[in-house]
Amino acid sequence: MPELPEVETIRAQLAPELRGAAVTDAWAFPSAKFTDAVLAVGGRFTDVRRRGKYLLADLDTGDGPAELVIHLGMTGRLSVGAPPRGGAHLRASWTLDDGRHLRFDDVRRFGRVAVVPRGEHGSLPTLAALGPEPFDEAFTAEHLRASVNASRRALKTQLLSQRVVAGVGNIYADEALWRAGIHPAARRLGPARAAALRDALVAVLSEAIAHGGTTLRDYRQVDGGEGRNQLRLECYGRHGLPCRRCGETLARTVIDARSTTYCRRCQRR
DNA sequence: CGGGGTTCCTGGCCGC
DNA sequence: TGCGGCCAGGAACCCC
């Protein structure tokens with residue numbers, strides 16, 4: 001399930017592959033989630049950026065600057081190479097002017113493709129209302145505290161909303177809350193805990209990028225390789241195992257319809 | 001407009 | 001071995 005570190009890893013590999021290449025043809029799986037792919041035809045890639053979990057591939061077109069927006073959903077994969085010979089889960093492919101192809105496979109079809117004028121994200125509500133990038137200086141402890149305290153929803157729910165901070169999903173929410181020692185169902189943050197959580201989010205996400213992302217099942221890098229961060233998880237998926245900080249058996253609950261692992265002893269409300 | 005509920009999807013796994 | 005049932009979950013979408 002690609003979150004910010006996985007999408008950033010993919011972005012960094014994809015950008016040098018796509019820069020300067022023009023799209024001469026495209027195919028899309030017949031679903032509204034993917035049919036926009038063909039609108040990239042005629043554009044030339046100039047760069048690949050990222051906002052939260054969204055890849056933004058800049059295109060220069062005859063009609064001005066545009067961008068190909070790709071969300072990988074749960075099981076999306078991107079790769080560059082020979083023409084796709086089918087594949088049961090191919091959702092979109094783009095023919096490049098040097099003969100290579102960019103392909104998007106997505107087993108569960110939770111992904112999405114859009115082509116929009118550069119920066120106009122109104123058709124993607126979450127992207128349009130996205131919170132600050134965690135590595136941006138705008139993501140301060142005070143922003144986190146004020147943003148969280150403006151709502152009465154559970155802290156984990158807010159982290160997953162993308163509005164408080166961009167790019168956090170179930171894995172890194174559990175990891176950061178564990179590291180900061182804060183209960184996922186907490187509803188208010190004081191200055192000290194807000195600072196601890198901000199620091200934990202930044203650390204967890206940057207460490208995951210440094211280790212190529214977390215491959216639990218579906219996530220693959222552009223070259224097909226697996227990430228290595230799954231070897232470093234301290235909380236996510238470890239329910240029933242001892243807490244690495246205090247030894248208590250990690251608990252599992254459900255918050256906002258998401259499986260949530262936490263330590264009853266050292267994560268406080 | 002925030003928030004709650006629903007829906008989209010299929011492979012992997014479990015129990016019988 | 002086969003199969004029904006359940007689980008994984010990000011974000012669009014609908015409604016109040």
Side-chain angles (χ1 to χ4, degrees), chain A residues 1-11 28-37 50-56 69-78 86-92 104-116 120-131 133-134 146-177 184-185 187-188 201 205 208 213-220 226-227 230 233 235-240 252-262:
Chain A
M1 51 201 96
E3 303 179 30
L4 185 153
E6 291 73 39
V7 178
E8 175 58 26
T9 301
I10 288 167
R11 186 208 65 75
F29 181 86
S31 152
K33 289 182 171 182
F34 307 105
T35 48
D36 253 21
R50 178 192 58 73
R51 270 289 277 142
K53 305 175 195 173
Y54 293 82
L55 281 169
L56 310 175
V69 181
I70 300 176
H71 193 290
L72 298 170
M74 296 287 296
T75 56
R77 292 183 193 175
L78 287 167
H89 306 120
L90 186 66
R91 304 307 176 199
F104 179 38
D105 293 89
D106 181 15
V107 171
R108 281 154 74 181
R109 291 193 239 160
F110 274 31
R112 184 184 174 96
V113 172
V115 174
V116 301
E120 293 186 18
H121 301 144
S123 61
L124 299 117
T126 302
L127 180 54
L130 204 58
E133 286 292 313
S147 182
V148 163
N149 291 348
S151 161
R152 276 185 261 178
R153 308 179 84 194
L155 185 48
K156 174 152 176 183
T157 301
Q158 296 207 55
L159 291 177
L160 296 179
S161 77
Q162 309 302 307
R163 300 173 71 104
V164 172
V165 60
V168 177
N170 209 28
I171 296 173
Y172 301 110
D174 277 8
E175 291 296 299
L177 288 166
R187 288 173 192 272
R188 290 195 67 80
L201 283 162
L205 294 169
T214 300
T215 299
L216 294 175
R217 180 172 299 174
D218 298 290
Y219 161 66
R220 292 293 182 282
E226 300 188 357
Q230 62 277 12
L233 297 180
C235 182
Y236 177 89
R238 294 193 68 247
H239 55 275
R252 178 186 179 278
T253 187
V254 175
I255 295 178
D256 194 32
R258 302 296 193 292
S259 178
T260 299
T261 302
Y262 69 104

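Lettering follows sequence order; numbering is per chain, from 1.
When each of A/Arg217 and A/Arg152 is assigned the nucleotide of DNA chain B with its nearest heavy atom, A/Arg152 is the one assigned upstream, toward the 5' end.
Using a 4.0 Å cut-off between a side-chain N of Lys or Arg and a carboxylate O of Asp or Glu, A/Arg112 and A/Asp36 do not qualify as a salt bridge.
Across all strands, A/Arg91 comes closer than 4.0 Å to no nucleic acid atom at all (heavy-atom distances). Residue contacts shown for A/Thr75 are absent, as no nucleic acid heavy atom lies under 4.0 Å away.
Sparse packing is recorded around CZ of A/Arg163, with 12 or fewer heavy atoms of other residues, nucleotides or ligands lying under 6.0 Å away.
Between the side chain of A/Asp174 and the main chain of A/Thr261, a donor-acceptor pair closer than 3.5 Å is present. Side chain of A/Gln230 to backbone of A/Thr215: a donor-acceptor contact under 3.5 angstrom is found. Remark: side-chain polar atoms of A/Gln162 are not paired, donor with acceptor, to backbone N or O of A/Gly131 under 3.5 angstrom. Using modelled atom types, no side-chain atom of A/Glu3 and backbone atom of A/Lys53 make a donor-acceptor pair closer than 3.5 Å.
Taking the centre and axis of the six-membered ring of A/Phe29, the NZ or CZ atom of A/Arg91 falls inside the cone set by 45° and 6.0 Å.
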- Note on the structure: Under a 4.0 Å heavy-atom criterion, the protein footprint on nucleotides 9-16 of chain C, written with B, S and -, is BBBS----

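Put simply, the side chain of A/Lys156 reaches to within 4.5 Å of the side chain of A/Asn170, judged on heavy atoms.
When DNA chain B is scanned in the 5' to 3' direction for atoms under 4.0 Å from non-hydrogen atoms of chain A, the outermost contacting nucleotides are B/dG2 to B/dG12.
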